[in-house]
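See structure below.
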Amino acid sequence: VSGMSRSKGPLVDVHTHVYLPRYAAELRARTVAPRILNWVNSAGQTEERLLILDGEPSAGRPVGPQYWDRDEKLQFMRKHEINISFVSSANPWLDFLPAARAHSLAKELNNDLEEYCSTSPEAEGFAGLKSLYGFGLLPLVPEIDIPSILQTIDQIKSLDHIRGVIMGTRGLGKGLDDEALEPVWEALQNANLVIFLHPHYGVDSKAFGDKPNGHVLPLALGFPFETTISITRLILAGVLDRYPSLRVMLAHSGGALPQLSSRLASCIDHDPIVAKRLKHDARFYLGQLYYDAVAYGPEELDFVSEIIARSSRYGATGGVYEKQIGTKRLLFGTDHPFFPPLKASQKWQSVEDNLGAIRAARWNGLGDTAQANVMGNNALRLFNLSE
Ligand code: URA
Ligand code: ZN
């Protein structure tokens, strides 16, 4: 079935991660999370495990070459007939480093990623395009000076295969509604770089209780709730009013934001101070954003797509409802190498679910064109690889 995607256009993965070898080495040298440690398994063999948060259940998770070896990424892409991947560093990026180290490592990792992409094979069937492009890293940590961040944006601008930046939700420690970030938004808008907003911390783990639920609650709920809070704070700070051309892509289809957007609008309307601050109804801003299609179900994709399209009623197209808008702002992703198959099967269930959801969605009656957009054409446009 997945052969279908090729005849209709490219399959492009916008949500796929790497721990570059230089980053993995940094994690191995650490004695507290985030770290990579040696662990003796029940069979007495030593294996490497990744511990990204303190107090993670069962000593984190197994980690291996699928996290850093480019050949594994390319093999995964072939297995799922993915033509092009936009690779990003996985969480927690540089968040835990002192400012000077974050700045120098950002530069080195951006150069590493450019090399990783620029020396990749040509995308099969797409002459002139590489199979790998990337999102760079910014040294977004407390105590960094803004010129160091702007310098890194300049560096990324000069790297032809890096088309955006991946960003966590902490900013300089105070979140993405921090006024200190103003020059960063301006520079990212001017550089036309896509911001991939991705969670790491979840929400207060006390909310999840103490039952043995593994990683389920933090991953299924904590991650998307974190993204939801972060983008909502960005909207409430007026960042999208001041930088209307800023291109922000939300992980996991925007988390709970689409579902809560009318409630958000109503709460704003009922708050005398906030109501005066924003240029538009909150629902408008959802049409300014991009969303990965990592939602695992067709009904969720249709819902998000309709919510994006609805933004047009709040001024995006002068009040005329444009049903295709939603299908132009959702983009296929896999979250590789996370969520590997539990059994060593050929295909990854997480990928098959997300592909199947795109095929099964109704897309406001727009059918094949919408599918081809979400599978890959939207990504080529967003990252300036096609007109
Ligand atoms: N778990 C993570 O830590 N990061 C992801 O991107 C996905 C799952
Ligand atoms: Zn991810």
Distance-only side-chain donor-acceptor flag, D335 / H252, under 3.5 Å: yes
Same apolar cluster: L260 and L236, side chain cutoff 4.5 Å: no
Min side-chain heavy-atom separation Y290-N378 under 4.5 Å: no
Aromatic plane relationship, H198 with W93 - under 30° parallel, 30 to 60° tilted, over 60° perpendicular: perpendicular
Expected output: side-chain Y243 to main-chain N190 donor-acceptor under 3.5 Å: no
Test item: Q371 side-chain N/O and R359 main-chain N/O as donor-acceptor pair under 3.5 Å: yes
Contact summary for I146 and P183, nearest pair of heavy atoms: CG2-CG, 3.8 Å
R70 (side chain) donor-acceptor with Y116 (main chain) under 3.5 angstrom: yes
Centroid separation F383 to F86 less than 6.0 Å: yes
Closest non-hydrogen atom pair, T16 against S85: CG2-CB, 3.8 Å
Minimum side-chain heavy-atom gap E352-H80 below 4.5 Å: yes
Donor-acceptor pair, side chain of R381 and main chain of S386, under 3.5 angstrom: no
Working for side-chain hydrogen bond (donor to acceptor under 3.5 Å, both in side chains), residues Q349 and D353: CA-CA 6 Å; Q349 191 62 41; D353 287 348; 2.8 Å; yes
Note, R277 side chain near V274 side chain (heavy atom, < 4.5 Å): yes
Shortest non-hydrogen contact between N111 and Q155, atoms and distance: OD1-NE2, 3.2 Å
Salt bridge present between K279 and D241 (N-O < 4.0 angstrom): no
same_hphob_cluster(L53, V63) at 4.5 Å side-chain heavy-atom cutoff: no
Cluster link Y296 to I82, ILVMFWY, side chain under 4.5 Å: yes
Under 3.5 Å donor-acceptor, R22 side chain and Y19 backbone: no
Whether S120 side chain and L132 backbone form a donor-acceptor pair below 3.5 Å: yes
Any side-chain heavy-atom pair of V141 and L172 under 4.5 Å: no
V351 side chain near F339 side chain, heavy-atom distance below 4.5 Å: no
Nonpolar side-chain network containing V216, other nodes, edges under 4.5 Å: none
Between side-chain atoms of residues 225-232 and protein atoms elsewhere (two or more places apart, or another chain), which donor-acceptor pairs fall under 3.5 Å?
from : atom 1 : to   : atom 2 : distance (Å)
E226 : OE1    : H200 : N      : 2.8
E226 : OE1    : Y201 : N      : 2.8
E226 : OE1    : G202 : N      : 2.8
E226 : OE2    : T169 : OG1    : 2.6
E226 : OE2    : H200 : N      : 3.3
E226 : OE2    : Y201 : N      : 3.3
T227 : OG1    : F223 : O      : 3.2
T228 : OG1    : P224 : O      : 2.6
T228 : OG1    : A256 : N      : 2.8
T232 : OG1    : T228 : O      : 2.6

In one Ile/Leu/Val/Met/Phe/Trp/Tyr side-chain cluster, 4.5 Å: L159, V194: yes
4.5 Å side-chain heavy-atom contact, M77 and S131: yes
Close side-chain approach of W348 and H336, heavy atoms under 4.5 Å: yes
Working for side-chain hydrogen bond (donor to acceptor under 3.5 Å, both in side chains), residues T46 and N38: CA-CA 6 Å; T46 302; N38 285 321; over 6 Å; no
Test item: N110 side-chain N/O and L137 main-chain N/O as donor-acceptor pair under 3.5 Å: yes
Residue pair T327 / T369, side-chain heavy-atom distance below 4.5 Å: no
Donor-acceptor pair, side chain of Q189 and main chain of L246, under 3.5 angstrom: yes
Same apolar cluster (I L V M F W Y, side chains within < 4.5 Å links), L51/L217: no
H17/F338 aromatic ring centres below 6.0 Å: yes
Trace of the side chain to side chain contact (heavy atoms under 4.5 Å, CB included) decision for I162 with F135: CA-CA 5 Å; I162 312 283; F135 290 95; 5.7 Å; no
Under 3.5 Å: donor-acceptor pair, side chain of R30, backbone of R35: no
Distance-minimising heavy-atom pair for W68 and A24: CE3-CB, 3.9 Å
Step-by-step side-chain hydrogen bond (donor to acceptor under 3.5 Å, both in side chains) determination, Y133 to R163: CA-CA 7 Å; Y133 293 84; R163 300 292 170 121; 5.4 Å; no
Minimal non-hydrogen separation, A379 against V12, with atom names: CB-CG1, 3.5 Å
Sidechain N-carboxylate O distance under 4.0 Å for R78, E124: no
Working for side-chain hydrogen bond (donor to acceptor under 3.5 Å, both in side chains), residues R310 and S262: CA-CA 11 Å; R310 186 191 60 185; S262 288; 3.2 Å; yes
Main-chain N/O of A237 paired to D177 side chain as donor or acceptor, under 3.5 Å: no
Heavy-atom closest contact (L286 atom, Y291 atom, distance): O-OH, 2.6 Å
